[in-house]
**Q** 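This is the structure I want to talk about, given as structure tokens.
The basis for the numbers below is simple: all heavy atoms, side chains too, and nothing from hydrogens, waters or symmetry mates.
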Amino acid sequence: MHDEFLCHVTAYGVCDGRRIGVPLGTYRAPTLALALWWLRDRASWIAERLDPQPESTRIPPHALVPVADTAPDVPRLLRAWCADVERQELVADELAVGRLVRIAASDETTEYELLAESVDALRMQRTIPPLVMPVG
């Protein structure tokens, strides 16, 4: 069992023809449960900022407009991921054995990425000599 996890949230977009990443947060979770909680919290945070509830008093009138049913719905995907107990258990299982977990959702302009990995697994990778194979 891995004890500590490094979690990141990044938004990627294109600027001047180059893919640019904008860090939205990092958390070093002391437990698996806190790593999962933080990932769900950040996914909900992104969803709420992309698609706030219309009854919110913080939003000026007519600031929200409906989009086509065919438009990618990142907030819906992130909210669904947060609510899916089976997918949460799968993420927990992968993290517990030291695997990197990546959750991503995209719309027309931006990809939102949530990453988590075991700090122990990162340390172990640094001690293993790299595999170098000749090409050709």
**Q** Looking only at heavy atoms, what is the nearest atom pair of Tyr112 and Asp107, with distance?
**A**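 The answer is CE1-OD2, 4.2 Å.
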
**Q** Could you measure the distance from the CZ atom of Arg76 to the CG atom of Leu50? Nearest 0.5 Å is fine.
**A**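 Separation between the atoms: 13.5 Å.
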
**Q** Just how far is it from atom CD1 of Ile103 to atom CH2 of Trp81, taken to the nearest 0.5 Å?
**A** 4.0 Å

**Q** In plain terms, say whether Arg102 and Glu117 are close enough for a salt bridge, that is, a side-chain N and a carboxylate O under 4.0 Å apart.
**A**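 Between Glu117 and Arg102 there is no salt bridge, as every charged N stays at least 4.0 Å from the carboxylate O atoms.
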
**Q** Could you grab the distance from atom CG of Asp3 to atom OG1 of Thr31, nearest 0.5 Å is fine?
**A**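 The distance works out to 9.5 Å.
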
**Q** Do the non-hydrogen side-chain atoms of Val119 and Arg28 ever get within less than 4.5 Å of each other?
**A**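 With C-beta onward as the side chain, the pair touches.
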
**Q** So, for Leu32 and Ala96, which heavy atoms are closest and what is the spacing to 0.1 Å?
**A** CD2-CB, 4.3 Å

**Q** Taking all heavy atoms of Arg79 and all of Ala47, pick out the closest pair and write down the distance.
**A** NH2-O, 3.3 Å

**Q** If you define the side chain from C-beta out and look only at heavy atoms, does anything of Leu114 sit under 4.5 Å from Leu78?
**A**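 The answer is yes, as the side chains (C-beta and beyond) meet within the 4.5 Å cut-off.
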
**Q** Just how far is it from atom CD1 of Ile46 to atom CG of Asp51, taken to the nearest 0.5 Å?
**A** 13.5 Å

**Q** Restricting to side-chain hydrogen bond (donor to acceptor under 3.5 Å, both in side chains), what partner residues turn up for Arg40, sequence neighbours left out?
**A**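 Per chain and number, Arg40 pairs via side-chain hydrogen bond (donor to acceptor under 3.5 Å, both in side chains) with Gln88.
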
**Q** Check whether more than 12 heavy atoms from other residues, nucleotides or ligands sit under 6.0 Å from atom CZ of Arg18, and answer yes or no.
**A** no

**Q** Can you spot which of Leu90, Asp93, Leu36, Val91 makes a side-chain contact (heavy atoms from CB on, under 4.5 Å) with Val101?
**A**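 Single side-chain contact (heavy atoms from CB on, under 4.5 Å) partner of Val101 among Leu90, Asp93, Leu36, Val91: Val91.
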
**Q** With the 4.5 Å side-chain cut-off for hydrophobic clustering, are Trp37 and Phe5 part of the same group?
**A** yes

**Q** What are the two closest non-hydrogen atoms of Leu24 and Ala11, and how far apart are they?
**A** CD1-CB, 3.9 Å

**Q** Quick one: do Val9 and Leu100 end up in the same hydrophobic cluster if we chain Ile, Leu, Val, Met, Phe, Trp and Tyr together by side-chain heavy atoms under 4.5 Å apart?
**A**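 No, because Val9 and Leu100 fall into different hydrophobic clusters, even though each may have its own neighbours under 4.5 Å.
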
**Q** Which distance, rounded to the nearest 0.5 Å, do you find between the CD of Glu94 and the OG of Ser118?
**A** 12.5 Å

**Q** Where do Leu39 and Leu115 come nearest, in terms of heavy atoms and distance?
**A**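 Closest heavy-atom pair between Leu39 and Leu115: CD2-O, 3.9 Å.
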
**Q** Taking ring pair (Phe, Tyr, Trp, His ring centres under 6.0 Å) as the cut-off, I'd like each qualifying pair that reaches into residues 6-30, sequence neighbours left out, listed once.
**A**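 Sorted result for residues 6-30: Tyr27-Trp38.
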
**Q** Give me the atom names and distance for the closest heavy-atom approach of Val97 to Arg99.
**A**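 Scanning both residues, the minimum pair turns out to be CG2-NH1, 3.2 Å.
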
